[in-house]
Amino acid sequence: MSDQQDNNSPQDENQLITLRREKLSSIRENADNGIAFPNNFKREHYSAPIHMEYGEYEREWFDENSVRVSIGGRIMLKRVMGKASFITTSDTTGRIQLFIQQARVGEDLYKDFKTWDTGDIVGASGELFKTKTGELSIRVDELRLLTKSLRPLPEKFHGLTDHEQRYRQRYLDLIMNEDSRSVFMMRSMIVSYIRNYFLQRDFLEVETPMLQTIPGGATARPFNTHHNALDIDMYLRIAPELYLKRLVVGGFDRVFEINRNFRNEGLSTRHNPEFTMIEWYQAYATYHDLMDTTEELLKGVARDVLGKTKITYQGDTFDFGKPFARMTVKESILHFNPDLTDDQLNDKENATTIAKALGIPVEDYWGLGKVQIEIFEKTVEHRLMDPTFITAYPAEVSPLARRNDDDSFVTDRFELFIGGREIGNGFSELNDAEDQAERFQKQVAEKDAGDDEAMHYDADYIRALEYGLPPTAGEGIGIDRLVMLFTDMPSIRDVILFPHMRPE
RNA sequence: GGGCCGUUAGCUCAGCCGGUAGAGCAGUUGACUUUUAAUCAAUUGGUCGAGCGUUCGAAUCGCUCACGGCCCA
């Protein structure tokens, strides 16, 4: 427990909490064997399966068939009458209504029950029946208070809508908002689908260091930390890439990792300081194979997890049924900027002029490739709505990717865009140790020139490449953004259980 | 980092050309054995995000700050 914050400070208390505390102390005094928080209740059923199995039967069916169930859940709604009450309880699967009659549970228990509050967790057993209005319910004969809740729940109809509170107190969001629960269930299903996809194709799931001495595999600012016993500075990883490729050098031809990366950058609806990526590496494959894999994988998620081929995201519809478009960086720039010509883009001075006219703050140390990519990001990226692979990224901005055989200015690399957002990034890996060493040196020069996102020189990685990395292709997909897309959530905070916020 | 918006009861929100705080839900008390956002009657509950200023008087106007949301970089 942290002693910096005291959540039970007097300011945080109010009439409602005080009263519930009084109820709890009365429960403590009167509890059987003095146990106010019993844990010997056996829950045997869940709400949703009960509805699925018995929801269709007529009222009369229940007169002739006795079905006993025993459920545990949180009281969400109370409708108390003199000698009989209805409460709606919620468990992990959904809700079910309980009918509690004084004549059945006894006068004393009924009297106690009337003092229970929404938010309390109860265990109940009884027979299924249908009410006059046809709602499948449990006619309770055994009822126990399992956990007294000390804090009042939000309003039963509007629930909890305040974004800040939903993120800071996710537990409360999950109690109140079915939609929020389903987003995170969907997230779990998507991740499972992806994991199974790779496992079924003989990929080995691995875990590589999150604490790294050289933060590599991407261009981003890392979080710094310090290892006391070794007395060395360390970094939280910005990507697992270089470790995964070391494993391919070691002979694991197909590896993948689904895990967290950390980038010390701003927060936004698309950026959380820690986020989840899947990266996979496949020896004897090319970036073309990766595009095929990606397309099959995402179509599979749409089809098998969501059950549809058209995904609606924030009012736009993206078609996962048709083949994903593929075009090069330059083709896409020319397509969305019909007034520009190929020659202009191939000339650094011209390209710089164009970039500056677009308001891009061009730095002196930028090469043509960087200028082209900035133009791409400014004018193309947000317009790529249907799933689109953009290929042929300049080598200058792709320090780990293999050069293209026909045009060494670009690499055998692509990025996947959906809904104007980058979803994935993959390429044929640079397995020429000497070329890689040169590119690292160039990155170090850029770092010296002022680009604090440029890469470090990783000598051990070069040493690994010198032993020989087979021809390999690898890709990363941002899981959070993918889940946003498939759950139609506008902010990355909506798909991360505990998004980062400034402390209260 | 910049712009716009927000912060009032536990929750959802009114009140904002300045006159001293409201509703619904939740809670409490009472009535009620088929309710379902139960109903009916009564009722408790507020450092109006924080601070400074203007004013006889500030939830309301101004400034600063904090936290958040959206958009932009």
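In what follows, every chain begins at residue 1, and chains take the letters A, B, ... in the order their sequences are listed. No hydrogens, no waters, no symmetry mates; every other heavy atom, side chains included, goes into these values.
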For nucleotides [N] and [M], find the distance between their [atom1] atoms and express it as a whole number of Å.
N: B/G27; M: B/C5; atom1: C1'; value: 33 Å
N: B/A59; M: B/C13; atom1: C1'; value: 15 Å
N: B/G69; M: B/C61; atom1: P; value: 24 Å
N: B/G15; M: B/U34; atom1: C1'; value: 41 Å

side-chain N/O [X] vs [N] OP1/OP2, d < 4.0 Å:
X: A/Thr269; N: B/C71; result: yes
X: A/Lys23; N: B/U28; result: yes
X: A/Arg79; N: B/U39; result: no
X: A/Thr161; N: B/U12; result: yes
X: A/Arg151; N: B/G10; result: no
X: A/Arg139; N: B/U33; result: no
X: A/Lys156; N: B/A26; result: yes

Would you mind telling me which of [options] lies closest to the side-chain atoms of [X]?
X: A/Leu160; options: B/C11, B/C70, B/G68; answer: B/C11
X: A/Glu155; options: B/U44, B/C25, B/C32; answer: B/C25
X: A/Tyr167; options: B/G69, B/A73, B/U33; answer: B/G69
X: A/Leu19; options: B/U28, B/C32, B/G68; answer: B/U28
X: A/Arg168; options: B/U28, B/C67, B/U34; answer: B/C67
X: A/Gln15; options: B/G45, B/U34, B/G69; answer: B/G45
X: A/Lys132; options: B/U33, B/U35, B/G69; answer: B/U35
X: A/Phe157; options: B/A37, B/C70, B/G69; answer: B/A37
X: A/Phe86; options: B/C70, B/U34, B/U33; answer: B/U34
X: A/Glu164; options: B/G27, B/U33, B/G68; answer: B/G68

Does the pair [X]/[Y] count as a salt bridge with the N-to-O cut at 4.0 Å?
X: A/Asp108; Y: A/Lys111; value: no
X: A/Asp117; Y: A/Lys23; value: yes
X: A/Glu446; Y: A/Lys442; value: no
X: A/Asp342; Y: A/Lys330; value: yes

Would the distance check show the side chain of A/Asp91 and the main-chain N or O of A/Ser47 forming a donor-acceptor pair, the cut-off being under 3.5 Å?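 Looks like yes, one N/O pair under 3.5 Å.
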Are any side-chain N or O atoms of A/Thr411 and backbone N or O atoms of A/Tyr393, one a donor and one an acceptor, separated by less than 3.5 Å?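 Checked: pair present.
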Find the distance [X]:[atom1] to [N]:[atom2] and express it as a whole number of Å.
X: A/Arg166; N: B/G10; atom1: CZ; atom2: P; value: 21 Å
X: A/Phe113; N: B/U33; atom1: CZ; atom2: C1'; value: 13 Å
X: A/Trp116; N: B/U28; atom1: CH2; atom2: C1'; value: 19 Å
X: A/Asp173; N: B/U12; atom1: CG; atom2: P; value: 11 Å
X: A/Glu22; N: B/G45; atom1: CD; atom2: P; value: 15 Å
X: A/Glu381; N: B/A73; atom1: CD; atom2: P; value: 11 Å
X: A/Gln101; N: B/C32; atom1: CD; atom2: P; value: 16 Å
X: A/Ile138; N: B/U35; atom1: CD1; atom2: P; value: 19 Å

Look at all strands and tell whether [X] reaches a base, only sugar-phosphate, or nothing, counting heavy atoms closer than 4.0 Å.
X: A/Ser491; answer: sugar-phosphate
X: A/Met176; answer: nothing
X: A/Phe129; answer: base

Involving RNA chain B, stems made of at least three consecutive Watson-Crick or G-U pairs, both distances under 3.5 Å: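 Looking at RNA chain B, the stems formed by three or more consecutive pairs are B:1-7 with B:66-72, B:10-13 with B:22-25, B:27-31 with B:39-43, B:49-53 with B:61-65.
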Need to verify one output field. Residue with the more 5' nearest nucleotide on RNA chain B, A/Arg493 or A/Gln165?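 The residue whose closest nucleotide sits nearer the 5' end is A/Gln165.
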Tell me which of A/Gly159 and A/Gly134 sits closer to the 5' end of RNA chain B, going by the nucleotide each one is nearest to.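 Taking each residue's closest nucleotide, the earlier one in sequence belongs to A/Gly159.
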Is the gap between the ring centers of A/Phe336 and A/Phe376 under 6.0 Å? no
Centre-to-centre under 6.0 Å for A/Phe99 and A/Phe129, is that the case here?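 Yes, the ring of A/Phe99 comes within the 6.0 Å limit of the ring of A/Phe129, centre to centre.
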Check: B/U33 base within 3.5 Å donor-acceptor of A/Gln102 side chain: no
For the side chain of A/Gln97 and the base of B/U35, is some donor closer than 3.5 Å to an acceptor across the two? yes
Which atom names give the shortest non-hydrogen contact between A/Thr131 and A/Arg59, and what distance separates them?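 Heavy-atom minimum between the residues: O-NE, 3.3 Å.
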Using a cut-off of 6.0 Å, state whether more than 12 heavy atoms not belonging to A/Met185 lie near its atom CE.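 It does not: A/Met185 CE has 12 such atoms or fewer within range.
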